[in-house]
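Structure first, then comments.
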Amino acid sequence: MKAEGIALVTGASRGIGRAVALELAGRGFEVVASMRDPTRGADLPGLAADAGGRLCVARLDVEDPATIAIPDGLRVLVNNAGVEGEYLSVEDAPASLWRRLFETNVFGLVETTRRALPVLRASGGGVVCNVTTSSLLFPMPLYAAYRASKAAVSALGESLRAEVTGHGIRVLEILPGPIETDMLAGSDRLPESAANEAYRAVSAWAWEQRKGVGPLVTPAPRAAAAIADAILDDDAPLRVGCDPLATGALEAWRTTADEDLMAGLLAGLPPVAK
Ligand SMILES: NC(=O)c1ccc[n+]([C@@H]2O[C@H](COP(=O)([O-])OP(=O)(O)OC[C@H]3O[C@@H](n4cnc5c(N)ncnc54)[C@H](OP(=O)(O)O)[C@@H]3O)[C@@H](O)[C@H]2O)c1
């Protein structure tokens with residue numbers, strides 16, 4: 001597609017969303033950088049203008065339908081807003097954690113998307129870009145609630161693709177690996193599941209795995225450039241990485257039987273003290 005018309009980005013106050021909003025403005029889209037608190041994006045229009053782009057900030061909380069306004073002329077929707085939570089085993093994670101993650105990552109995204117689709121159709125088509133996670137490609141313990149919320153988005157994206165391709169709307173799923181943002185920084189901790197003796201060893205192991213991604217962290221502007229490339233590429237596949245770790249993991253996922261991937265991870269798990 002050509003970089004023209006309006007692009008709406010959710011969760012553009014910081015991190016990947018902020019970088020994508022600036023990148024899309026630099027490529028030629030008129031960007032609506034949406035966020036819960038618009039004061040957090042006060043510098044964005046000036047930064048975009050300095051690079052010759054056009055960007056405005058709008059209040060949009062994906063959990064508050066009254067704030068979800070879709071601009072006429074929309075060509076690209078980037079469903080980026082997302083949250084993580086406590087890293088707990090399935091046994092210990094309360095329903096409130098699952099509900100909190102699904103409220104933002106799934107229901108908020110669904111409401112934004114269903115409102116955007118008729119506008120995208122009226123614009124003659126465009127792109128719905130959903131940001132999930134490359135952790136979907138690894139059977140990581142203690143991330144079940146977060147991964148399940150993103151897997152729901154992945155599944156809805158497949159169905160949506162089949163529903164709207166005939167309307168000229170392309171569905172894209174970005175599976176980021178470790179991108180340098182507040183969310184990634186916040187994940188550098190011993191999982192809360194360590195409070196339960198039964199999951200202490202796997203919690204320590206998971207934290208070691210998390211520390212291991214250090215050299216593989218990608219700056220948000222570089223990830224945003226890869227996301228913009230995929231948005232503009234009409235031949236991009238449904239699932240795309242935006243950093244070297246995710247791109248490699250996606251390739252392995254596409255070419256390795258799921259049981260073999262699982263066996264590789266299970267073989268590395270620590271023994272459980274009984
Ligand atoms: N960074 C990574 O390594 C990584 C890896 C895999 C996937 N991801 C995914 O990439 C996306 C962006 O993550 P990030 O790393 O940039 O995270 P981040 O730095 O924590 O930023 C999250 C963004 O989502 C917004 N948000 C949260 N709840 C919202 C709501 N109800 N309505 C509107 N906006 C809301 C936040 O707004 P406030 O400022 O108002 O809180 C913030 O702008 C997420 O979907 C995340 O799951 C990130």
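We count ligands from 1, going down the list as the structure has it; atoms in each ligand are counted the same way.
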Any N or O of Thr133 that comes nearer than 3.5 Å to an N or O of ligand 1?
no
Among all protein heavy atoms in this structure, tell me which lies nearest to atom 18 (P) of ligand 1, with the distance rounded to 0.1 Å.
Arg14 NH1, 3.6 Å
Any Lys/Arg nitrogen of Arg254 or Glu251 sitting under 4.0 Å from an Asp/Glu carboxylate oxygen of the other?
no
Taking only non-hydrogen atoms of Asp182 and a 4.0 Å limit, the atoms of ligand 1 in range are 19 (O)
Is it the side chain, the backbone, both or neither of Thr104 that has a heavy atom closer than 4.0 Å to ligand 1?
side chain
Got the closest protein heavy atom to atom 10 (O) of ligand 1, with its distance?
Val131 CG1, 3.3 Å
Considering only heavy atoms of Gly177, which atoms of ligand 1 have at least one such atom less than 4.0 Å away?
2 (C), 3 (O), 4 (C), 5 (C)
Where's the contact between Glu180 and ligand 1, heavy-atom distance under 4.0 Å: side chain, backbone, both or neither?
neither
What's the shortest distance from atom 37 (O) of ligand 1 to any protein heavy atom, and which residue and atom give it?
Ser13 OG, 3.4 Å
Does this structure show an ion pair linking Glu197 with Arg200, if we count only N-O contacts that are shorter than 4.0 Å?
yes
In ligand 1, the atoms that come under 4.0 Å of a heavy atom of Glu63 are 31 (N)
Is Asn80 in contact with ligand 1, taking contact as a heavy-atom separation below 4.0 Å?
yes
For Ile16, counting its heavy atoms only, list the atoms of ligand 1 lying under 4.0 Å from any of them.
10 (O), 16 (O), 48 (C)
Tell me: protein heavy atom nearest atom 1 (N) of ligand 1, and distance?
Thr181 OG1, 3.0 Å
Could you tell me, atom by atom, which parts of ligand 1 come under 4.0 Å of a heavy atom of Asp61?
30 (C), 31 (N), 32 (N)
Answer with side chain, backbone, both or neither: which part of Lys150 has a heavy atom less than 4.0 angstrom from an atom of ligand 1?
side chain
How does Ala81 reach ligand 1, by side chain, by backbone, by both or by neither, if only non-hydrogen atoms under 4.0 Å count?
both
May I ask you to list the atoms of ligand 1 that are less than 4.0 angstrom from any heavy atom of Tyr146?
6 (C), 7 (C), 8 (N), 9 (C), 46 (C), 47 (O)
Hey, does Val217 sit under 4.0 Å from ligand 1 if you only count heavy atoms?
no
Tell me whether Glu63 is salt-bridged to Arg100, with the criterion being a basic N under 4.0 Å from an acidic carboxylate O.
no
Quick check: do Val202 and Pro191 have side-chain heavy atoms less than 4.5 Å from each other?
no
Structural part of Thr132 in contact with ligand 1, heavy atom criterion under 4.0 angstrom:
backbone
Give the atom numbers and elements of ligand 1 that come within less than 4.0 Å of a heavy atom of Val83.
27 (C), 28 (N)
Would Asp235 and Arg170 pass as an ion pair if we require N to O under 4.0 Å?
no
Taking atom 27 (C) of ligand 1 as the reference point, the nearest protein heavy atom with its distance:
Arg36 NH2, 3.5 Å
Looking only at distances, can you tell me whether any N or O atom of Gly17, backbone or side chain, sits closer than 3.5 Å to an N or O atom of ligand 1?
no
Taking only non-hydrogen atoms of Pro178 and a 4.0 Å limit, the atoms of ligand 1 in range are 3 (O)
Check Leu60 against ligand 1 and report side chain, backbone, both or neither, counting heavy atoms closer than 4.0 Å.
backbone
